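Below is one structure; the comments refer to it alone.
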Amino acid sequence: MEPNYNDNRAKSSTVRGRIMLFTIIFIILFAVMCFSFISAAMRDRVELFNNEYNHRDELLEQKNRRGGIYASDCETILASTQTWETDEGEPAQERTYPFGRMYAHVVGYAAMGGSGLEEYFKYDLLHSDLPLSDKVKYDEMDTADGRLYPGNNLITTLDPKIQEAAYNAMSGYEGAVIVTEPATGRILAMVSKPDFDPNEIEDNWDDLLSDTTTGTLLNRVTQGLYPPGSTFKIVDAAALLTEDPDAFSDYTFHCTGVFEKDGDSIHCYDYEVHGDVDLTESFAHSCNSSFANIGVNYISTQQMEDTLQDMLFNQKLPYDLPSSKSSVQLPGTLSGEGIMQMSIGQGSTSLSPLHLNMITCAVANGGILMKPHLIDALHDAKGRTLKQYRESACATMMSGDVSSKITEMMRAVATEGTASSLSGKSYEPAGKTGSAEFDNNKSSHAWFTGFAPASDPEICVTVLIEGKGMGSSYAVPVAARIFDAYFE
C-alpha cells in the first residue's frame, strides 16, 4: 500500500500549528508575568525597600548621604547628616537632630530600625535624584565622604513656632498635642510626652526598650488610645442633629444632677445641677445627664451606628504613618447602661488624639475631612521639586448644616461653658472639653479639642493630658497658649 503523503503533510501541519499556538500562549503568559512583576515592583517599591529582609538601604548609605528633613519654611533643619572619612578612607555618616526632644516622635530617628518620618520616608531620603552630570562631580572629589551623593530632602508641614509653643505648653505633663489646618489637612505641630533625645537613641536604646511603664517611644498622638470623655458629645450631637435637625432648637431637658433609666444612672460632674437646658446649653456645660438622656431616648441605634461609621470608628484612619484604630462597641450590642456610658465617652470607647482631631477638623471644615499629612514636598539636593503633596478630601463625616450647628455649640463652650477661660480671646475659639475616667479610682485624663476662628477656622488644636483631671483646668490652658502663639 502506497503512503498517503497528503495525510502526513496534514498531520505535520497540525503538529506545527499546535506547537506554534503553545509557543504564542507561553510568550503571552511570560510577558504578562513579567509585566505584573515589574508593575508590582514599581507600585510597591517603597514597601519592598522598607522590608526588614531587604538590606538595600545599607548599600545606599555607602554611596548616598541621607537627605535632610526641614520645617515648612524650607530653612529650619529638623534632621541632617554629618559625614566624615574613616581611617580606612571609607565614608561614614551620622544623623543629627538640632532640636533634640522637641520633634522626637514626629521626625523620629534613623538608627535602631527607625521611626516617624525618618522611617516612613527612608526610601526618598536615601535616594539621590541629582542629574548624572552632578553625580559625576561627586565621583571626582578627593575625599571619601565627599563622594557621597546627597539624598533628597523632605519639606514637612511642621511650623517651628507652633511646634515650640505646643512643646513648651506641655512641659511637666504627659500626653499629646496635635495642631492642624482643617481646610488642608496639613499638620502644623505634633508633640508626645514623655519624650526622648533622638541624638542619644543608640546609647539609651536598652533603657527605652526595658521601660514598660511610661511608653516613652510611643507616639501618643497617633498610637495612644484613650477614653474620650465628654469630647464624645460631638459625636452624639452629630448623630442627633442628623436624625432630627429640629432638635437644635426644640430639645429641652431638666437636669437634677442625675439621670436614671431602668435602674441605671449617670450623674453630672460632682453631681452639679444644671436645671433647664436646651441642646446648646447641655453641650456648653457638658451635662452628662442630658446626653445620657439623648443617647437612650433620642438617637436610634441605626443612626448612631451610621454616625460612628462616618466618623471612622473601628476603621483604619486615613493617615500614612502608623496609627492605632479607635474602637467603640456598637449600640446594638450594648445595654441601656452601656449606651449611657458611651454617650458620655466612657465605657469601652477609646480613640487617639489624632482621630479626635480629625473629627474636630471635619466640624470646622463643613463636615469634610481633609487627609492629615506631614509632608509638603520632596526636593532634590539642589532644591528642585520632585514631588508636591496636595491636599485631598478623604471622608464626609457630617453634613454642612450639622457642622454649622455643632460649631455654634462649640463656640458656646468657649464663651459661656466649660472652656470659658477662652472667652476674652479675639480669635473667637470654639471647642469641647472632656474629663475621661480611666480607672476605678476616678482618675481622669484631661481633653480639649477645638478650632479658631469659629467663623473661618484656620487651625484645629487637640490636647490630651494624662491623669490630671478636668479638661477645663489643664487642657484648655495648653490649647490657649498654642492659639495665642498662632494668632499673635
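The first residue in the sequence is number 1, and the count goes up from there. For clarity, every value in this text was computed on a predicted model and none was experimentally measured.
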### Message
Quiz question: by atom type and distance under 3.5 Å, do the side chains of S327 and S350 form a donor-acceptor pair?
### Response
yes

### Task
Please report the shortest heavy-atom distance between M410 and T449, naming the atom on each side.
CE-O, 3.9 Å

### Task
For side-chain hydrogen bond (donor to acceptor under 3.5 Å, both in side chains), just list the numbers for N153 and K382, CA-CA rounded to whole Å, side-chain angles, deciding distance to a tenth of an Å, and then say yes or no.
CA-CA 9 Å; N153 298 319; K382 298 186 75 171; over 6 Å; no

### Query
Yes or no on side chain to side chain contact (heavy atoms under 4.5 Å, CB included) for L217 and L209, after CA distance, side-chain angles and deciding distance?
CA-CA 8 Å; L217 290 175; L209 283 186; 4.3 Å; yes

### Query
Are T180 and I459 close enough that some pair of their side-chain heavy atoms sits under 4.5 Å apart?
no

### Message
Go through it in stages, so that I can follow the logic: the residues are Q346 and E437, the test is side chain to side chain contact (heavy atoms under 4.5 Å, CB included), and I'd like the CA-CA distance, side-chain angles, deciding distance and then a yes or no.
### Response
CA-CA 7 Å; Q346 296 290 166; E437 295 181 2; 3.9 Å; yes

### Task
Report yes if the distance between the aromatic ring centroids of F448 and Y474 is under 6.0 Å, otherwise no.
no

### Query
With distance as the sole criterion, is a donor-acceptor pair present between the side chains of K233 and S286 under 3.5 Å?
yes

### Summary
Between R101 and Y167, the two heavy atoms sitting closest are CB-OH, 3.4 Å

### Summary
Sorted by chain and number, sequence neighbours left out, salt bridge (Lys or Arg N to Asp or Glu O under 4.0 Å) with D380 holds for R384

### Task
Check Y173 against K193 and note the closest heavy-atom contact, atom names and distance.
O-CB, 3.3 Å

### Task
Using the test salt bridge (Lys or Arg N to Asp or Glu O under 4.0 Å), find all partners of K137 that sit at least two apart in sequence or belong to another chain.
D134

#### Entry: Test applied, side chain to side chain contact (heavy atoms under 4.5 Å, CB included); reference residue, L125; option that passes from L154, T81, N152, L378
L154

### Message
Are S399 and L241 packed together at the side-chain level, in the sense that at least one heavy-atom pair is separated by less than 4.5 angstrom?
### Response
no

#### Entry: CG on L330 to CD on E305, rounded to 0.5 Å
4.5 Å

### Task
Under the side chain to side chain donor-acceptor pair (under 3.5 Å) rule, collect the residues that match up with D73, sequence neighbours excluded.
T76

### Query
Less than 6.0 Å separating the ring centroids of H445 and F438?
yes

### Query
For the atom pair CZ (F232) and CG (L351), what is the distance rounded to the nearest 0.5 Å?
8.5 Å

### Task
Could you tell me the separation between the CD1 atom of I344 and the CG atom of N288, rounded to the nearest 0.5 Å?
4.5 Å

### Query
Is any side-chain heavy atom of Q223 less than 4.5 Å from a side-chain heavy atom of S352?
no

### Message
Run F121 and I375 through side chain to side chain contact (heavy atoms under 4.5 Å, CB included) and show every step you take.
### Response
CA-CA 10 Å; F121 290 96; I375 300 300; 3.4 Å; yes

### Summary
Here the gap from S343 atom OG to D236 atom CG, rounded to the nearest 0.5 Å, amounts to 5.0 Å

### Message
Does S348 form a side-chain hydrogen bond (donor to acceptor under 3.5 Å, both in side chains) with Q329? I'd like the steps, not just the answer.
### Response
CA-CA 7 Å; S348 60; Q329 280 188 264; 3.1 Å; yes

### Message
Is it the case that the side chains of T213 and D211 hold a donor-acceptor pair, with the cut-off being a distance below 3.5 Å and no angle test?
### Response
yes

## Note on the structure
Separation between CG (L369) and CE (M358), nearest 0.5 Å, reads 6.0 Å

### Query
Under the ring pair (Phe, Tyr, Trp, His ring centres under 6.0 Å) criterion, do F196 and H105 qualify, and how do the steps go?
CA-CA 8 Å; F196 57 91; H105 290 90; 5.0 Å; yes

### Message
So that I can tick it off, tell me whether E118 and R95 are bridged by a salt bridge, with the cut-off set at under 4.0 angstrom between side-chain N and carboxylate O.
### Response
yes

Donor-acceptor contacts under 3.5 Å from residues 476-488 side chains, at least two apart:
from, atom 1, to, atom 2, distance (Å)
D484, OD1, K425, NZ, 3.4
D484, OD1, Y427, OH, 2.7
D484, OD2, K425, NZ, 3.2
Y486, OH, E458, OE1, 3.1

### Y138 vs L148, side chain to side chain contact (heavy atoms under 4.5 Å, CB included): CA-CA, chis, key distance, verdict
CA-CA 7 Å; Y138 284 93; L148 290 172; over 6 Å; no

### Query
So does E466 pair up with R220, basic N to acidic O under 4.0 Å?
yes

### Message
Can you confirm if the NZ or CZ of K432 lies within 45° of the ring axis of F283 and under 6.0 Å from the centre of its six-membered ring?
### Response
yes

Would you mind writing out the side-chain donor-acceptor pairs for residues 412-419 within the sub-3.5 Å range, not counting sequence neighbours?
from, atom 1, to, atom 2, distance (Å)
T415, OG1, R411, O, 3.3
T415, OG1, A412, O, 3.4
T418, OG1, T433, OG1, 2.6

### Task
State whether the number of non-hydrogen atoms from other residues, nucleotides or ligands found under 6.0 Å of Y269 atom OH is greater than 12.
no

### Aromatic contact, Y319 with H373 (centres under 6.0 Å)
no

#### Entry: Atom pair OG1/CD of T349 and Q341 - distance to nearest 0.5 Å
9.5 Å

### Query
Run the side-chain hydrogen bond (donor to acceptor under 3.5 Å, both in side chains) check on S403 and D401 step by step: do they pass?
CA-CA 5 Å; S403 71; D401 180 63; over 6 Å; no

### Task
Could you tell me if the ring centre of F313 sits under 6.0 Å from that of H355?
yes

### Query
For D197 and N199, which heavy atoms make the closest approach, and how far apart are they?
OD1-N, 2.9 Å

#### Entry: Residue list, salt bridge (Lys or Arg N to Asp or Glu O under 4.0 Å) with D376, at least two apart or on another chain
R186

### Message
Minimum heavy-atom separation for V363 and I406, please, with both atom names.
### Response
CG1-CG2, 3.8 Å

### Ionic contact status for D159 with K161, cut-off 4.0 Å
no

#### Entry: Shortest non-hydrogen separation from M370 to C394 and the atoms involved
C-SG, 4.0 Å

